[in-house]
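See structure below.
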Amino acid sequence: MRPKVASKIPTVVELQAGEYWWCRCGLSRRQPYCDGSHEGHDICPLRFEVEQTKRVALCNCKCTREAPYCDGVHSSL
Ligand code: FES
């Protein structure tokens with residue numbers, strides 16, 4: 001499947017150190033994180049780690065080339 005554009009606005013959030021699963025399919029109702037809605041599709045979430053607290057912009061359009069982080073490509077969709 002092609003990823004669905006969940007939103008053209010990234011989620012700006014301060015993440016604590018830890019492990020996260022970014023939704024790559026765009027179907028999750030917990031954007032930008034995976035909620036298991038990809039099951040039955042040929043697409044999987046992206047696991048990423050944050051080593052220390054930091055403010056990030058997580059992609060919601062699912063077209064970024066720097067997943068899971070926003071690279072600004074949503075502005076050209
Ligand atoms: Fe989208 Fe899991 S719900 S990758």
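Ligands are counted one by one from 1 in listed order, and the atoms in each one are counted from 1 as well. Quick caveat, the model's predicted, so the values are computed rather than measured.
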Heavy-atom donor-acceptor pair, Asn60 side chain to Ala6 backbone, under 3.5 Å = no
Which heavy atom of the protein is the closest neighbour of atom 4 (S) of ligand 1, given with residue, atom name and distance?
-> Arg24 N, 3.3 Å
Please check if the side chain of Lys62 supplies one atom and the backbone of Cys23 the other of a donor-acceptor pair under 3.5 Å.
-> yes
Flag side-chain contact, heavy atom, 4.5 Å: Trp21 against Leu46 = no
When you look at CD of Glu19, are more than 12 heavy atoms from neighbouring residues, nucleotides or ligands closer to it than 6.0 Å?
-> yes
Those atoms of ligand 1 less than 4.0 Å from some heavy atom in Pro45 = 4 (S)
Mark up the atoms of ligand 1 that fall under 4.0 Å of a heavy atom belonging to Asp35, in ascending order.
-> 3 (S)
What part of Ile43 sits under 4.0 Å from ligand 1 if we count only heavy atoms: the side chain, the backbone, both or neither?
-> neither
Below 2.8 Å, any N, O or S contact between Cys34 and atom 1 (Fe) of ligand 1?
-> no
Protein heavy-atom partner closest to atom 2 (Fe) of ligand 1 - residue, atom, separation in Å = His38 ND1, 2.2 Å
When you check the gap from the basic side-chain N to the acidic O, do Arg65 and Asp71 get nearer than 4.0 Å?
-> yes
